[in-house]
Amino acid sequence: MKLAARYNSKETEAKWYPHWMEKKYFASKPDDREAFSVVIPPPNVTGVLHMGHMLNNTIQDILIRKARLDGKNACWVPGTDHASIATEAKVVRKLRAQGIKKGDLSREEFLKHAWDWTDEYGGKILLQLRKLGASCDWDRTAFTMDDTRSKQVIQVFVDLYNKGKLYRGLRMVNWDPEAQTVLSNEEVIHGDEDSFLYHLRYKIDHGGEESLELARLARQIKQVKRTVASYKPLSNGRGVYNKSTYNSFRNQLAKLEKEYAEKEAAYNWLTIATKRPETIMGDTAIAVHPDDPRYAHLKGKRAIVPLIGRSVPIIFDDYVDMEFGTGALKVTPAHDPNDYEIGLRHKLEVIDTIADNGTLNEKAQIHIGKDRFEARDLVKADLEAAGNLVRLEPYQSSIGRSERTGAVVEPKLSLQWYVDMKQIAAPALDAVMTDEIEFFPKKYKNTYRHWMDNIRDWCISRQLWWGHQIPAWYYNGEVFVGTTAADALKLAQEKFGNQVTLADLKQDEDVLDTWFSSWLWPFSVFDGLEAGGEVDYYYPTSVLVTGWDIIFLWVARMAMAGYEWKGTLPFKHVYFTGMVRDPQGRKMSKSLGNSPDALKLIEDYGADGVRFGMMSCSPAGGDLLFDTKLCEQGAAFSNKMWQALRLIKGWEISEQPVTEDLGKVNALAAKWLDQRLSQILLETDSNFTEYRLSEVTMDLYKFIFGDFCGWYLEIIKPPYGSPIDRASYNQAIEFFEQLMTMLHPIMPFVTEEIWHQLKERKDGEDCIASQYPKAGNIDAVFLKNFETVKDTISKIREIRQKNQLKSYEPLKTFVQASESATTFFEIAGMKELLQKMAALESLTFTTEEPANTVNFISGTEKFYVELNLTIDVEAEKERITKELEYTKGFLISVDKKLSNERFVNNAPAKVVENERNKQADAVAKIAILEESLTKLN
RNA sequence: GAGAGUGUAGCUCAGUUGGUUUAGAGCAUUACCUUGACAGGGUAGGGGUCGGGGGUUCGAAUCCCUCCACUCUCACCA
């Protein structure tokens with residue numbers, strides 16, 4: 001069978017995924033092997049695959065495939081979450097486009113639409129993951145709102161409530177007026193935005209009491225005014241008119257009027273600064289600092305809220321910052337968390353002037369029904385007209401927006417359900433601090449601890465319909481929590497008697513936060529809230545792979561849930577991936593349009609190419625600057641391996657050893673590659689342990705490209721038109737096979753294809769189900785010798801290039817006779833290998849310097865290359881001098897160490913010995929170089 | 001404001017408890033080669049006083065101090 005000239009990723013990928021599925025390689029059932037389980041971070045059920053998913057899931061697939069090759073029982077559970085806010089928003093938008101308002105529908109009708117939507121778009125993302133090669137156990141696909149998961153969510157709520165770790169409370173919450181629901185702190189994104197600080201003056205209410213000083217000034221002004229008037233020139237032009245006297249009275253009057261204005265302002269007005277003038281209608285106090293001398297005289301006074309004329313107390317509270325703004329603060333307890341606290345301290349009235357949809361309500365008295373931002377402009381204009389707007393100061397401040405809808409979050413006072421986090425956080429914190437749960441990279445431990453130390457209660461109710469409806473029923477002002485309405489009824493009857501019926505109970509309208517389902521994921525996917533069954537085998541899961549951006553939203557909460565219900569950790573390792581960024585380091589975003597289409601990438605470069613591209617630039621936990629060029633490199637790599645396959649498969653095989661020399665060369669090459677393979681396996685092993693996957697990827701890339709294709713195959717490649725012996729051929733196939741298994745986790749498709757092309761395979765023999773090779777012993781001396789011969793080959797090639805000789809033109813070479821040279825070339829096949837790879841006509845031992853040669857040193861051996869052209873003596877001298885200088889400098893640094901007694905005494909013997917070897921080598925090398933130089937002179 | 005992290009070649013990054021050459025890789029770049037697996041190739045080369053300064057040590061990219069630059073997280077003063 002003839003192999004295609006180029007590797008075709010599309011054909012291959014279309015072939016192998018269905019094959020793996022058919023063979024059920026992804027499916028896992030508990031058995032006596034060690035379990036390796038991973039749960040997918042559930043994407044939104046209606047989401048589409050983006051770069052973040054690709055990175056995250058490629059990593060999980062690599063870990064799962066590696067575990068499978070290591071003989072573990074690998075189980076990767078896929079699934080999606082219902083994404084309460086996002087999905088409901090999408091459904092509402094779709095209905096609106098059809099002219100249907102959510103408010104016109106019953107809860108049941110709306111949910112019907114939502115499920116239709118979910119069925120239509122749901123799970124698309126999971127199909128896209130298959131394109132990437134994700135080897136999930138699809139039979140286990142879970143959804144946060146399916147029956148199994150829902151049952152556990154409800155049970156957990158009831159359990160927490162009964163344990164007193166869940167409560168309903170009135171709090172200032174983050175309200176999203178667009179989605180019309182509350183958000184947890186973690187769902188609010190803060191960012192600096194330009195706005196204004198409005199300086200507004202409030203009239204002070206003195207309760208009719210007059211200022212004596214002002215009254216005195218007023219009288220004075222009146223008097224002076226009269227005087228000024230009397231000094232007016234007479235109309236007939238003959239009256240008394242002393243200009244200088246007149247002017248002095250005029251000045252006096254101006255001064256008095258100014259003084260009056262100032263005193264009057266200070267006495268009658270108080271200026272505050274605010275970002276939100278539209279909330280003044282909810283003001284119930286003005287606060288100043290108790291130690292502020294500017295306002296000390298206002299004790300016990302009241303102020304009048306502009307536009308609506310409400311009289312509010314002027315209060316004194318430490319919270320106020322004297323330095324900021326005017327040092328006076330309007331207090332609006334309904335619309336600011338800090339103001340609410342002040343309100344509690346001073347028993348202030350709470351006047352909520354903003355409706356759930358962000359418009360002003362009737363309590364605002366003015367501009368009712370106008371949106372809060374429109375109202376801001378209207379109120380500003382009103383204040384300006386009324387003379388209350390003193391100044392407008394440009395100001396940058398942090399604004400919180402909803403993560404899902406982008407709407408500016410409105411602080412709002414409301415009754416919500418909370419999890420008492422302090423009661424459940426402790427074991428989850430300890431686990432991470434003691435590395436029972438290990439974070440990769442470690443630095444996230446700090447972030448985690450900081451959040452856990454300052455943990456706040458978790459608001460879990462959402463004013464939505466799409467989600468798990470809260471299992472709480474109300475009757476007669478009391479709440480009854482149970483898994484079913486019947487349970488709740490029983491509780492109600494215990495309290496109020498049997499006359500209470502199901503119809504009397506009213507279930508809480510709200511649903512639970514989506515994260516309240518996902519925090520159970522590591523065991524809920526195994527239906528494992530209760531012990532027994534599969535959960536005992538798969539839980540705790542082996543590793544969680546996720547982005548650091550959801551460390552609080554998800555990771556920390558899963559840890560808490562794990563300890564709360566399973567009594568132990570949910571995962572042993574957490575590997576945090578970085579964010580995918582564009583080559584300029586910017587976040588991928590829809591608005592920037594810098595996010596490549598994930599499926600298009602797979603289309604263009606193949607899943608293997610994309611996987612390689614993502615992994616090669618993905619430092620453990622660091623952000624990755626994604627460039628499609630890397631995928632190109634991945635695709636090229638697939639082709640490179642394909643070409644190597646074509647090479648080997650193109651060889652004619654001889655059942656007889658071809659020549660003795662070639663047999664020795666091939667055996668030597670095989671021994672070397674085997675040793676190198678062991679080295680790579682050891683490195684790869686430790687890199688996998690530390691999740692340094694980009695290093696695993698690059699090590700294999702370099703090894704296959706360089707050592708395998710560049711050296712090994714070139715060495716064993718038979719001369720043009722000649723066959724290769726059977727043993728060497730089989731050996732090459734075996735190496736190739738091992739390499740495919742090693743690379744399989746990273747590039748599953750191309751490796752599976754080549755693995756099958758290498759040999760005839762029986763049914764059930766597949767790369768995905770093969771065994772990961774194990775490292776053998778490493779002979780360091782041998783490897784060093786092989787490096788020397790490679791170095792010699794390179795140096796001869798360099799000489800060819802410098803002297804413009806063809807790479808295949810045979811050269812006569814000599815090696816300086818020495819004991820070490822003899823030993824070196826006694827290694828079977830070494831001489832023949834050198835001759836073949838450097839295209840030598842001859843290699844002869846010599847004691848004299850042969851005529852017409854240039855020389856070089858490799859290791860400690862001196863080589864001569866005969867050139868049939870005049871040697872540029874000056875150039876040679878320069879080259880040797882340069883090398884001599886370097887070696888001398890090197891020797892000096894080594895000598896320095898060795899002549900230092902403290903080094904010799906304190907450093908480990910191994911280090912000292914190594915330095916002595918370096919010294920000896922350098923001395924020998926210098927001698928050789930100097931000799932050459934002398935001869936040239 | 002509090003905390004954390006980063007700074008090594010043109011770019012992206014390794015450098016695994018301080019000692020394997022006077023610091024490595026990939027990409028990019030330069031020169032040359034290339035009818036025989038592969039131009040998505042081969043061979044060879046150039047390129048870094050490891051952010052600056054100081055200290056500890058026989059020895060520092062690595063540990064400590066300090067300064068500079070950038071990034072992130074949390075909390076926010078109206």
Side-chain angles (χ1 to χ4, degrees), chain A residues 3 5-7 185 190 197-198 272-276 287 319-321 323-332 336 338-339 395 397-398 441 443-447 449-451 454 548-549 551-552 583 585 616-619 622-625 627 629-630 632-633 635-651 686-687 690 692 694-695 697-699 701-702 705 709-710 713-714 717 719-721 780 784 793-795 797-798 800-802 804 806-807 886-887 889-890 892-894 896-897 899-908 910-912 914-915 917-918 921-922:
Chain A
L3 292 167
R6 286 187 175 174
Y7 173 66
N185 289 333
H190 292 274
L197 210 48
Y198 298 77
I272 58 93
T274 180
K275 281 199 300 194
R276 303 197 59 191
Y319 170 78
V320 181
D321 179 358
E323 308 291 316
F324 190 90
T326 61
L329 166 72
K330 78 185 195 64
V331 183
T332 323
D336 183 279
N338 293 308
D339 289 11
Y395 180 67
S397 72
S398 176
K443 64 177 175 182
Y444 290 111
K445 280 172 77 173
N446 277 319
T447 314
R449 187 188 49 217
H450 186 257
W451 188 76
N454 300 292
W548 49 260
D549 52 330
I551 183 169
F552 309 133
S616 63
C617 64
S618 180
D623 285 358
L624 89 169
L625 276 60
D627 196 333
K629 253 168 56 185
L630 295 161
E632 219 177 292
Q633 200 188 338
F637 183 35
S638 294
N639 187 56
K640 178 75 183 177
M641 292 185 284
W642 184 254
Q643 298 303 333
L645 174 74
R646 283 183 65 206
L647 173 69
I648 297 175
K649 297 303 277 189
W651 289 335
S686 86
N687 283 331
E690 294 290 316
R692 290 191 290 251
S694 86
E695 290 189 41
T697 306
M698 287 317 288
D699 281 351
Y701 174 80
K702 282 184 283 185
F705 229 111
C709 295
L713 291 182
E714 289 297 337
K717 185 197 259 180
Y720 187 60
K784 202 183 161 210
I793 293 162
S794 288
K795 284 186 168 139
R797 284 171 178 166
E798 192 187 339
R800 282 183 196 280
Q801 195 169 331
K802 285 223 170 100
Q804 297 180 316
K806 296 281 181 193
S807 59
Y886 175 90
T887 316
F890 174 63
I892 287 168
S893 82
V894 177
K896 236 199 284 187
K897 281 188 199 173
S899 62
N900 187 326
E901 256 177 63
R902 287 201 275 183
F903 170 72
V904 179
N905 295 337
N906 296 333
K910 218 175 134 189
V911 175
V912 178
N914 187 43
E915 291 299 314
N917 289 340
K918 277 154 69 175
D921 284 2

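Every chain is numbered from 1, with letters handed out A, B, ... down the list of sequences. FYI, side chains are in, hydrogens and waters are out, and symmetry mates aren't considered; it's all heavy atoms of this structure.
Atom C1' of B:rG24 sits at a distance of 7 Å from the matching atom of B:rA14, rounded to the whole Å. Across the P atoms, B:rC13 and B:rA9 are found 11 Å apart, a figure rounded to whole Å. B:rC65 and B:rA28 are spaced 41 Å apart, taking the P atom of each and rounding to whole Å. Look at the C1' atom in both B:rG7 and B:rU12: the space between them is 14 Å, to the nearest Å. Across the P atoms, B:rC70 and B:rG54 are found 24 Å apart, a figure rounded to whole Å. The P atoms of B:rG19 and B:rC63 are separated by 11 Å, rounded to the nearest whole Å. Only the C1' atoms considered, B:rG15 is 15 Å distant from B:rG26, to the nearest whole Å. Spacing between B:rG42 and B:rA25 at atom P, rounded to whole Å, works out to 16 Å.
The phosphate of B:rC76 (OP1 or OP2) has no side-chain N or O of A:Tyr319 nearer than 4.0 angstrom. Close to B:rA78, at under 4.0 Å from its OP1 or OP2, lies a side-chain N or O of A:Lys275. Side-chain N/O atoms of A:Tyr444 include none lying less than 4.0 angstrom from OP1 or OP2 on B:rG5. Here A:Thr447 does not reach the OP1 or OP2 of B:rU73: none of its side-chain N or O atoms lies under 4.0 Å away.
We find the CD-CG distance between A:Gln633 and A:Asp627 to be 10.5 Å, quoted to the nearest 0.5 Å. For the atom pair CD (A:Gln643) and CG (A:Leu713), the distance works out to 12.0 Å, reported to the nearest 0.5 Å. One finds the CE atom of A:Met641 at 8.0 Å from the OH atom of A:Tyr7 (value rounded to the nearest 0.5 Å). For the atom pair CG of A:Leu329 and CG of A:Asp336, the computed distance is 8.0 Å after rounding to the nearest 0.5 Å.
Using a 30° and 60° split on the angle between ring planes, A:Trp548 and A:Tyr444 fall in the parallel class, below 30°. Ring orientation note: the planes of A:Tyr701 and A:Phe637 are nearly perpendicular, at an angle over 60° on the 30°/60° scale.
Across B:rA44, B:rC27, B:rU20, the shortest atom-to-atom separation from the side chain of A:Gln633 is found for B:rC27. When each of B:rA37, B:rA44, B:rU12 is scored by its nearest atom to the side-chain atoms of A:Leu625, the top-ranked nucleotide is B:rU12. Each of B:rU73, B:rC33, B:rC74 was ranked by its minimum atom distance to the side chain of A:Trp548; first place goes to B:rU73. Considering only the side chain of A:Ala636, B:rG41 comes nearest among B:rG41, B:rU73, B:rA78. Candidate nucleotides B:rA44, B:rC38, B:rG40 were compared by shortest atom distance to the side chain of A:Ser794, and B:rA44 ranks first. The side chain of A:Lys640 approaches B:rG42 more closely than any other nucleotide in the set B:rG45, B:rG42, B:rA78. Of the listed nucleotides (B:rA37, B:rU21, B:rG40), B:rU21 has the atom at the smallest distance from the side chain of A:Lys918. The listed nucleotides are B:rG26, B:rC13, B:rA78; the one nearest the side chain of A:Val320 is B:rA78. Each of B:rC74, B:rA78, B:rG26 was ranked by its minimum atom distance to the side chain of A:Ser397; first place goes to B:rA78. The A:Phe890 side chain lies nearest to B:rU21 when the options are B:rU21, B:rC76, B:rA31.
Among the protein residues, A:Ala635 comes within range of the nucleic acid bases, having at least one heavy atom under 4.0 Å from a base atom. If you check every strand for non-hydrogen atoms under 4.0 Å, A:Thr274 touches sugar and phosphate atoms only. At the heavy-atom level, A:Tyr198 lies nowhere under 4.0 Å from the strands shown. The residue A:Lys702 sits close only to the backbone: its heavy atoms come under 4.0 Å of sugar-phosphate atoms, none of a base. Using a 4.0 Å heavy-atom cutoff across all strands shown, A:Lys806 reaches sugar-phosphate atoms only and no base atom. Residue contacts for A:Tyr395: at a heavy-atom cut-off of 4.0 Å it reaches the sugar-phosphate backbone alone, with no base atom in range. Within 4.0 Å (heavy atoms only), A:Leu329 reaches at least one base atom of the nucleic acid. Contacts of A:Arg6 with the nucleic acid, taken as non-hydrogen atoms under 4.0 Å apart, include base atoms. Across all strands, A:Gln801 comes closer than 4.0 Å to base atoms (heavy-atom distances). Counting non-hydrogen atoms under 4.0 angstrom, A:Thr332 reaches nothing in the nucleic acid. Within the 4.0 angstrom heavy-atom criterion, base atoms lie near A:Asn639.
Between A:Trp642 and A:Arg797, the one whose closest nucleotide on RNA chain B sits nearer the 5' end is A:Trp642. RNA chain B is contacted by both A:Ala273 and A:Val894; A:Val894 maps to the nucleotide lying nearer its 5′ end (nearest heavy atom per residue).
At a cut-off of 3.5 angstrom, the base of B:rC33 holds no donor-acceptor pair with the side chain of A:Ser807. Residue-to-nucleotide contacts include a donor-acceptor pair under 3.5 Å from the side chain of A:Glu714 to the base of B:rA37. A donor-acceptor contact under 3.5 Å links the side chain of A:Arg692 to the base of B:rU16.
Using a 4.5 Å heavy-atom cutoff, the side chains of A:Lys629 and A:Glu632 are in contact.
Atom NZ of A:Lys629 is separated from atom P of B:rC27 by 10 Å (rounded to the nearest Å). In this structure, A:Tyr701 places its OH atom 19 Å from P of B:rU12, rounding to the nearest Å. Separating the NZ atom of A:Lys445 from the P atom of B:rC72 is a distance of 25 Å, rounded to the nearest angstrom. The CG-P distance, from A:Asp699 to B:rU16, rounds to 15 Å in whole Å.
Between A:Lys795 and A:Glu798 there is no salt bridge, since no side-chain N of the basic residue sits under 4.0 Å from a carboxylate O of the acidic one.
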Do any N or O atoms of the protein come closer than 3.5 Å to N or O atoms of nucleotides 58-63 of chain B, and which pairs are they?
unit_1: B:rC58; atom_1: OP1; unit_2: A:Arg902; atom_2: NH1; d: 3.1
unit_1: B:rC58; atom_1: OP2; unit_2: A:Arg902; atom_2: NH1; d: 3.1
unit_1: B:rC58; atom_1: O2'; unit_2: A:Asn900; atom_2: ND2; d: 2.5

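Without hydrogens or angle criteria, A:Asn639 side chain to A:Ala635 main chain gives no donor-acceptor distance under 3.5 Å.
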